[in-house]
Amino acid sequence: MNQTNSLLIKLRGNFITTAFLLHSNFSTNRSMLHKITNLNHALNLFDEMSQRRPLPSVVLFNQLLTSVTKIKHFSISLHLFNQMCSLGVPLDKYSISIAIKCCCQLYRTKDGFALLGCCFRRAIAPNVFIFNALLDGLVLEDRILEAEMLFKKLIKQKLCEPDVVMYNTMIKGLCKFGNNVTALALLRLMEQKNCQPSIVTYSTIIDSLCKDKLIDDAFKLFKEMVFEKGILPNVITYTSLIRGLCNLGHWDEASKLLKEMEDEKISPDVQTFTVLVDAFCKEGKVEEAEAIINIMIERGEVPDIVTYNSLIDGYCLRGEMIKAREIFDSLTLRGLVPDVVAYSSLLNGYCKNLNIEKAMQMFREMSGKGLKPNVVTYNTMIQGFFHVGRCVDARKLFDEMHAQGQIPDQCTYGIVLEGLCNNRQVEEALSLFHLMGDSKLNSDIVVYNILIDGAGKYRKVDIARVLFQGLIDKGLLPNVRTYTVMINSFCQEGLLGEAQLLFLKMDESGCPPNDVTYRVLLQGYLKNQHYDDVVMLLQEMVDRGYSLDASTLSLFIDHIAVGLLDRSMLKLLGKLVPKELMDDPSLCDWE
DNA sequence: CTAGGGTTAG
């Protein structure tokens, strides 16, 4: 007996059902098929069916496989498919499409394509269902170029006419890679080809636009869907839009949309509520998040692990680790199993609150429970070790990550570079950077921001300058942070002229300075006792609605106290005190 | 009532 067979027997267990089914008639089987909710039923039924002579029709087998596939037991379904082959059940295009779908969902798209051979041997022409399963597999495996090639080939060689589902799959793939433009073009192509876009088409693109913070475009498409196409939004459409609004901090609009949704008699579901919980937690408003969870329970929705993970994150963010731990420990009582994300969230909290030992304890505990730390977990721990200056431990974990088959990603790379820079190992970071050469990893503006910042902090302005020029030469676009760290670099060295020149270039380049840029430049001016433009910069900050941070403010006060700056500046500074500092007693006796 | 599509972690 092979391994899968013994696994199946373990899963089966319920011999009474088996016995019952063995003595039941065909019609009982039929009615039971639609009630299959667990593997036992399906497996027992398959067993019974395969012992019948003559064998039941392929249709019945297909129905059974469909049930197993619907509850996402893809490998079991594939195993049953193989059993069907051995039994000599005459496979049809339904059976093969189910098998291909299972392969693809198991990240074995290669095997899915191999199954096409099954079609050819049986003179079955692969149809749009089969090709869509394969396309979906390629998208799932992030093989977007191959997905596009397949899609184009199907059309060009007229292998099948894409229908709305296949367009949706291709659009999902494009959106996954941030290619909203092509996704939209495909939507237009559908219309041209008289294949009407559905709620799924619109929701996919709307969600992608929201994720890219293109909320106006998202609403434009939303209105087109509703008012031009007459397609009514559903809970998924609303949830995407609400998340988009929350992520941008547009709370009023988010709550307006929530109300609109309820007016349309569409109830928020677990995921809608979770979006709200997550948004509140990210704002540090854990009490509001808890209130949402209570509302959701009152309304009969059951918060899931994702909901609680957001809450754990929220408490961690506020440094309330005892409370975070309490929620984590309560998961089991709620019948939820802590997953990799739950562990990662909590150990991230411990890291951020500088309790690296507790974090490491969680890290080991999760492995003990059979949960494999993923790239995110490793990244979090590595960052944690760097944060407390334990570079050797960070390195050890980096090696362990490799050994465990977790491939470092763009984030890992950034964390390592930043960790080295912050631990006085800028040279080390630079040599790693040069070692990576012209790889994709080094084509990320974030990498340059880290290195320029690192170089600047350790007074290596020449290196910073070379890096800045290097990214321009590569065709990368500096962002606000790039300009800001470069300006900071110049300021550290007292090169105020260069700092000012770059500052002026920002508006020209369509990348206006933010509050941080102003603070950096002002600090540079003050520390170098260069006061000419200070009033002008402060006024500009007032005009742009920016505020000063505590450290810049106190620098100003020091300069005024020793008479380097005139007291008349206090009035202007008063307009730049952030709300949260207004209550600070050390700042209340101004003027 | 035999096959395929959209929302949830650092």
Side-chain angles (χ1 to χ4, degrees), chain A residues 30-31 33-36 57-67 69-70 77 92-102 104-105 126-137 139 160 162-173 175-176 183 197-208 210-211 233-244 268-278 303-310 312-313 316-317 339-345 347-349 351-352 374-384 409-412 414-415:
Chain A
R30 262 195 90 79
S31 67
L33 258 180
H34 310 298
K35 288 179 190 156
I36 284 176
S57 80
V58 64
V59 173
L60 194 59
F61 280 102
N62 290 343
Q63 288 175 327
L64 189 115
L65 258 64
T66 303
S67 316
T69 308
K70 285 228 166 93
S77 185
D92 61 6
K93 64 175 72 177
Y94 292 87
S95 352
I96 294 175
S97 91
I98 296 167
I100 291 181
K101 156 141 178 128
C102 290
C104 292
Q105 294 299 307
N127 61 8
V128 66
F129 285 89
I130 289 177
F131 283 124
N132 184 58
L134 292 166
L135 189 69
D136 201 32
V139 169
C160 79
D163 62 2
V164 58
V165 177
M166 187 174 261
Y167 274 108
N168 290 345
T169 306
M170 192 65 243
I171 286 174
K172 174 179 70 176
C175 288
K176 197 173 172 189
S198 65
I199 177 91
V200 178
T201 323
Y202 278 103
S203 295
T204 308
I205 306 179
I206 286 172
D207 184 65
S208 179
C210 286
K211 280 185 176 142
N234 61 15
V235 62
I236 296 177
T237 331
Y238 275 116
T239 303
S240 289
L241 285 167
I242 291 172
R243 193 186 37 250
D269 63 7
V270 180
Q271 295 177 55
T272 323
F273 283 120
T274 301
V275 163
L276 298 172
V277 169
D278 195 53
D304 63 10
I305 184 82
V306 181
T307 323
Y308 287 112
N309 284 347
S310 289
I312 291 172
D313 261 348
C316 288
L317 188 71
D339 59 2
V340 183
V341 181
Y343 271 98
S344 300
S345 287
L347 71 82
N348 175 51
C351 284
K352 293 281 143 67
N374 62 19
V375 183
V376 177
T377 328
Y378 278 106
N379 287 352
T380 309
M381 277 311 305
I382 292 171
Q383 194 170 36
D409 62 5
Q410 208 131 336
C411 259
T412 324
I415 286 165

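Just so it is clear, the values below take in all heavy atoms, side chains as well, and ignore hydrogens, waters and symmetry mates. Below, chain A is the first sequence line, B the second, and so on; all start at residue 1.
- You can call A:Phe129 stacked on the base of B:dA3; the centres are under 5.5 Å apart and the planes sit within 30°.
- The side-chain contact (heavy atoms from CB on, under 4.5 Å) test applied to A:Ser240 returns A:Asp207, A:Arg243, not counting sequence neighbours.
- A:Asn309 places no side-chain N or O within 3.5 Å of a backbone atom of A:Ile312 that could act as its donor or acceptor partner.
- Taking only side-chain atoms of A:Val128, from C-beta outward, the nucleotide of B:dT8, B:dG6, B:dG4 with the closest atom is B:dG4.
- Side-chain atoms of A:Asn132 and base atoms of B:dA3 include no donor and acceptor less than 3.5 Å apart.
- A:Val340 comes within 4.0 angstrom of nothing in the nucleic acid, heavy atoms only.
- A donor N or O paired with an acceptor N or O is not found under 3.5 Å between the base of B:dT2 and the side-chain atoms of A:Gln63.
- Within 4.0 Å of A:Ser198, counting heavy atoms only, lies at least one base atom of the nucleic acid.
- Under a 3.5 Å cut-off, the side chain of A:Ser203 and the backbone N or O of A:Ile199 do form a donor-acceptor pair.
- Phosphate proximity of B:dA3 to A:Lys101: absent, as no side-chain N or O sits under 4.0 Å from OP1 or OP2.
- Residue-level contact check: A:Lys352 touches neither bases nor backbone, having no heavy atom under 4.0 Å from any strand.
- If you check every strand for non-hydrogen atoms under 4.0 Å, A:Thr66 touches sugar and phosphate atoms only.
- Side-chain N/O atoms of A:Asp136 and A:Gln105 include a donor and acceptor closer than 3.5 Å.
- One can find a donor-acceptor pair under 3.5 Å joining the base of B:dG6 and the side-chain atoms of A:Ser203.
- Heavy atoms of A:Lys70 sit under 4.0 angstrom from primed sugar atoms or phosphate atoms, though from no base atom.
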